[in-house]
Number of protein chains: 2
Amino acid sequence: MKTHTRTYSRVTREALTMMGGLIRLARKQRKMSEADLSARIGIARSTLQLIEKGHPKVEIGLVFEAATLAGVPLFVDEPSRLAPEISRVNDKLALLPQAVRRPRSEVKDDF
Amino acid sequence: MKTHTRTYSRVTREALTMMGGLIRLARKQRKMSEADLSARIGIARSTLQLIEKGHPKVEIGLVFEAATLAGVPLFVDEPSRLAPEISRVNDKLALLPQAVRRPRSEVKDDF
DNA sequence: CATTTGTGACTGCTATATCGGTCAATTAAA
DNA sequence: TTTAATTGACCGATATAGCAGTCACAAATG
């Protein structure tokens, strides 16, 4: 074994807690049990529990599905607004050089 | 093998594409190469590539780390604003009954 | 009250995500 | 143009996430 212990930044941990809490809140507001929602998503109840706890090692796809089916909006209020936003990002990306060079010798990462 | 083919809703797929695109955009704007960012996160470059493509089967913790280190804000503009938001969610959760009963026989999920 | 349902916390098995590496093609800089 | 770096696309090995199941306890109903 490699004892692959990974660390996550505070922002990440808090964002995960937030995400899980929002899903749990939305689920309860819609009066769904853990079994209900997990079945609807097509995952085990134990996995949903990890999601609501904000566990970092869960497929992001499952978390987003949980959020979606629980009614937590992702990025935008209306689901239909997502496609245009993606286009905007792609447009911006197209303006940048395909390959990036010479990262600034010092990059600030202050958390 | 179980041929465990999972499907994801359109909203989830688009949200993942969005997330990945934002990370890629932010990375380039900061003139970081894939190698730079992945090293900073502590993951393989191949994994970062999956993240930027919006692949669903990636640890959400890694995606959030990538977003954080690339400079993509999660949920809020300032990182410091996250803790209070979490408290708000917890407060709301405390007001609800611990266990939920009788899910409405029909729950709408229209995507 | 009794009964039914939801939740929390485990556990072993198995499919698989991640790693670390390679190679070719592109692209930016000198 | 030449050169060095970035990117895209692979692949085998292995640590592990998710599943399915169980059990005890909590807590809503009637």
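Every chain is numbered from 1, with letters handed out A, B, ... down the list of sequences.
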B:D36 side chain vs B:S33 backbone, donor-acceptor pair below 3.5 Å: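 Looks like yes, one N/O pair under 3.5 Å.
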Taking [atom1] from [X] and [atom2] from [N], how many angstroms apart are they, rounded to a whole number?
X     : N      : atom1 : atom2 : value
A:H55 : D:dC19 : NE2   : P     : 14 Å
A:E59 : C:dA15 : CD    : P     : 15 Å
A:L96 : D:dT6  : CG    : C1'   : 14 Å
B:L50 : D:dG8  : CG    : P     : 12 Å
B:K57 : C:dT18 : NZ    : P     : 11 Å
A:D36 : C:dT4  : CG    : C1'   : 15 Å
A:L48 : D:dC19 : CG    : C1'   : 14 Å
B:K31 : C:dT27 : NZ    : P     : 17 Å

A:M19/A:L74 under side-chain contact (heavy atoms from CB on, under 4.5 Å): CA gap, chis, key distance, verdict: CA-CA 10 Å; A:M19 185 98 225; A:L74 298 172; 3.7 Å; yes
Proximal nucleotide (of C:dG20, D:dA27, D:dA17) relative to the B:A44 side chain: C:dG20
Audit row: A:I41, A:T47, side-chain contact (heavy atoms from CB on, under 4.5 Å) steps and yes/no: CA-CA 11 Å; A:I41 304 170; A:T47 303; over 6 Å; no
Any side-chain heavy-atom pair of A:L93 and B:R24 under 4.5 Å: yes
Selection residues 81-95 of chain B - residue pairs positive for salt bridge (charged side-chain N to carboxylate O under 4.0 Å, His left out), sequence neighbours left out: none
Nucleotides 7-13 of chain C: protein proximity per nucleotide (B base, S sugar-phosphate only, - neither; heavy atom, under 4.0 Å): BBBB---
Contacts of type salt bridge (Lys or Arg N to Asp or Glu O under 4.0 Å), residue B:E59, not counting sequence neighbours: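 B:E59 satisfies salt bridge (Lys or Arg N to Asp or Glu O under 4.0 Å) with no other residue.
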Touch class at under 4.0 angstrom, heavy-atom based, for A:I43 against every strand present: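 Sugar-phosphate, backbone atoms only, no base.
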